[in-house]
2 protein chains.
Amino acid sequence: MPATRRGELRRAALLDAARDVFLEQGYARASIDEVVQRVGGSKATVYQYFGSKEGLFGEMIAHQCQQLIDSAEFPGRGSAPGADIEQVLLQFARRVVQLFLAPGRIAMHRAMIAEAGRFPELAERFYDAGPKRGLALLSGYLRGQHEAGVLDCPKPDWSAVQFMNLVRTYPMFRALHGMQPMPEGDDLDEFLQHAVRLFLNGCRIQG
Amino acid sequence: MPATRRGELRRAALLDAARDVFLEQGYARASIDEVVQRVGGSKATVYQYFGSKEGLFGEMIAHQCQQLIDSAEFPGRGSAPGADIEQVLLQFARRVVQLFLAPGRIAMHRAMIAEAGRFPELAERFYDAGPKRGLALLSGYLRGQHEAGVLDCPKPDWSAVQFMNLVRTYPMFRALHGMQPMPEGDDLDEFLQHAVRLFLNGCRIQG
DNA sequence: AATGAACTGTAACGTTCAGTACATTACCAC
DNA sequence: GTGGTAATGTACTGAACGTTACAGTTCATT
């Protein structure tokens, strides 16, 4: 809680540097000295604002979550009811994968999983900031299609989860494990189309 | 590379203790002193056998992967061609989830993801020992059903990936992030049934 | 039983790092 | 300006840890 303008800037700079260092090195390996060195300030400031290494990490994650909320726009928010479902879902899938594989997001995900045992509330916050909002949006869309008699989706919440898993798990798994090569470009898009078709066939009204 | 019987036992005991410590604390936080303290030996032995902390971690992971290979039996290996597909897949799904959520496996997965940047070849080895073998088995089964004209599965490899993602991602995601409550018992089984049905509908021969 | 190699315990070294103390400097209200 | 508060730089402490050296012990073989 800085009280001056310079303090605010310092705090923001510290959070940015902390993000870089923590996400590059992981929580345990990261050192506060390195964070301080990158912004040119002093350790005393870190402890004045954040109290401890854990505090710095926690506020950094919270800050990133807020940025995720601010930046994550999904398509189909107010999509026309008559729009082609396959195209709407495909656009949604592309956006989801794009968000999950954005630069730095994988590192953040790794850090979160690595420290999930020590900071369980941070994982919750991340879930609320990211996946939960996408799921809610998709679930609402699916419910609408169900009620309109276009899809057979009696449990839109579950179906939304399954769509997300179908779409994002494969590239995310590879990215989290650092496996090469990563699917991208046309290969990735073909995979997404395959997933969307499987999902749509699975939810199609059975004749 | 121990040359005596006592040495072999020591090495095995060290690997076991290393597993516990590394998986409880994570790589960076774990200390060799604690590993040694748990088996009552001496640090010199660790450095004689494994050379370094990284070496110990690497061999521990390799050892765990071998155990995973030895223990992972999947159903449906030689399942009767006429068996009910839904039941075969459901059994498979249950087994996959059971394997992924086995005690200690989540911790191992966390450690692997956390250190994926530093030990990329370990992630590959883990993938080969676990997921890859399950995928190959499932893919073979799906190919058979496709050729028999029962399912519409022109790309059984991709379909196998999608089935796995559909089935294991939700509980695994929650477990990796330490989220409570974990789905289990009847709730989990209902989720698996829902996933299997979605997949089967998606691959059903379209009339 | 003897011998040499494999193994183990103790103790230390050098480094890294979270956290702190304190004196100094920049900022803001009046 | 001036006084008071916030911010900063420096230097330090104490502990933890990876790694190594060395001396003593156990073991397999003859």
Side-chain angles (χ1 to χ4, degrees), chain A residues 1-63 111 114-115 117-119 122, chain B residues 1-63 111 114-115 117-119 122:
Chain A
M1 39 182 85
T4 82
R5 236 158 271 159
R6 183 153 144 260
E8 300 256 3
L9 292 178
R10 265 333 207 201
R11 193 185 131 97
L14 282 171
L15 281 175
D16 276 0
R19 177 201 57 206
D20 292 346
V21 174
F22 277 128
L23 298 191
E24 277 169 21
Q25 328 237 5
Y27 178 80
R29 197 176 302 281
S31 87
I32 295 199
D33 280 311
E34 178 153 1
V35 174
V36 167
Q37 200 173 339
R38 292 204 189 182
V39 296
S42 134
K43 251 207 288 197
T45 315
V46 172
Y47 280 87
Q48 175 133 17
Y49 289 157
F50 306 104
S52 67
K53 189 182 183 183
E54 291 195 1
L56 177 59
F57 183 72
E59 298 233 21
M60 181 276 282
I61 294 284
H63 189 237
E115 305 301 324
R118 287 162 51 78
F119 304 92
L122 289 184
Chain B
M1 38 183 88
T4 82
R5 235 159 272 157
R6 182 152 144 261
E8 299 255 3
L9 293 178
R10 264 335 207 200
R11 193 184 132 96
L14 282 171
L15 281 176
D16 275 0
R19 178 200 55 207
D20 292 346
V21 175
F22 277 128
L23 298 192
E24 278 169 20
Q25 327 240 4
Y27 177 81
R29 197 177 301 280
S31 87
I32 296 200
D33 278 312
E34 180 154 0
V35 174
V36 167
Q37 201 174 337
R38 292 204 189 184
V39 296
S42 134
K43 262 206 280 195
T45 314
V46 172
Y47 281 86
Q48 175 132 18
Y49 290 157
F50 307 103
S52 67
K53 189 182 183 181
E54 291 195 2
L56 177 59
F57 183 72
E59 298 232 19
M60 181 276 283
I61 294 285
H63 190 236
E115 304 301 325
R118 287 161 50 77
F119 304 93
L122 288 184

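Lettering of chains follows the sequences in order, A, B, ..., and the numbering in each one begins at 1.
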Rounded to the nearest Å, what distance is computed from the [atom1] atom of residue [X] to the [atom2] atom of nucleotide [N]?
| X | N | atom1 | atom2 | result |
| --- | --- | --- | --- | --- |
| B/Glu54 | D/dT19 | CD | C1' | 13 Å |
| B/Phe50 | D/dT20 | CZ | P | 16 Å |
| A/Glu8 | C/dC27 | CD | P | 15 Å |
| B/Gln48 | C/dG9 | CD | P | 12 Å |
| B/Leu9 | C/dA6 | CG | C1' | 15 Å |
| A/Leu56 | C/dC17 | CG | P | 15 Å |
| B/Arg11 | C/dA6 | CZ | C1' | 15 Å |

At under 4.0 Å, does any side-chain N or O of [X] touch on OP1 or OP2 of [N]?
| X | N | answer |
| --- | --- | --- |
| B/Thr45 | C/dT8 | yes |
| B/Tyr49 | C/dC7 | yes |
| A/Arg10 | D/dA7 | no |

### Task
Could you tell me whether A/Gly40 contacts a base, only the sugar-phosphate backbone, or nothing, with contacts defined as non-hydrogen atoms closer than 4.0 Å?
sugar-phosphate
### Query
Heavy atoms under 4.0 Å, any strand shown: does A/Ala28 hit a base, just sugar-phosphate, or nothing?
nothing
### Task
Assess whether side-chain contact (heavy atoms from CB on, under 4.5 Å) is satisfied between B/Glu115 and B/Arg118, documenting all intermediate values.
CA-CA 5 Å; B/Glu115 304 301 325; B/Arg118 287 161 50 77; 3.4 Å; yes
Can you tell which of [options] lies closest to the side chain of [X]?
| X | options | result |
| --- | --- | --- |
| A/Asp33 | C/dT8, D/dT8, C/dA18 | C/dA18 |
| B/Ser42 | D/dT19, D/dG9, C/dG9 | C/dG9 |
| B/Lys53 | C/dT8, D/dT19, C/dA21 | D/dT19 |
| B/Tyr47 | D/dT10, D/dT19, D/dC17 | D/dT19 |

### Query
For the atom pair CZ (B/Arg19) and CG (B/Leu56), what is the distance rounded to the nearest 0.5 Å?
12.5 Å
### Query
What about B/Lys43, does its side chain sit under 3.5 Å from the base of D/dT19 through a donor-acceptor pair?
yes
### Task
Could you note down all residue pairs passing salt bridge (Lys or Arg N to Asp or Glu O under 4.0 Å) where residues 21-32 of chain A supplies at least one of them, sequence neighbours left out?
A/Glu24-A/Arg38
#### Entry: Lys/Arg cation over aromatic A/Tyr27: A/Lys53, 6.0 Å, 45° cone
yes
### Query
Between A/Ile32 and A/Tyr47, is any pair of side-chain heavy atoms under 4.5 Å apart?
yes
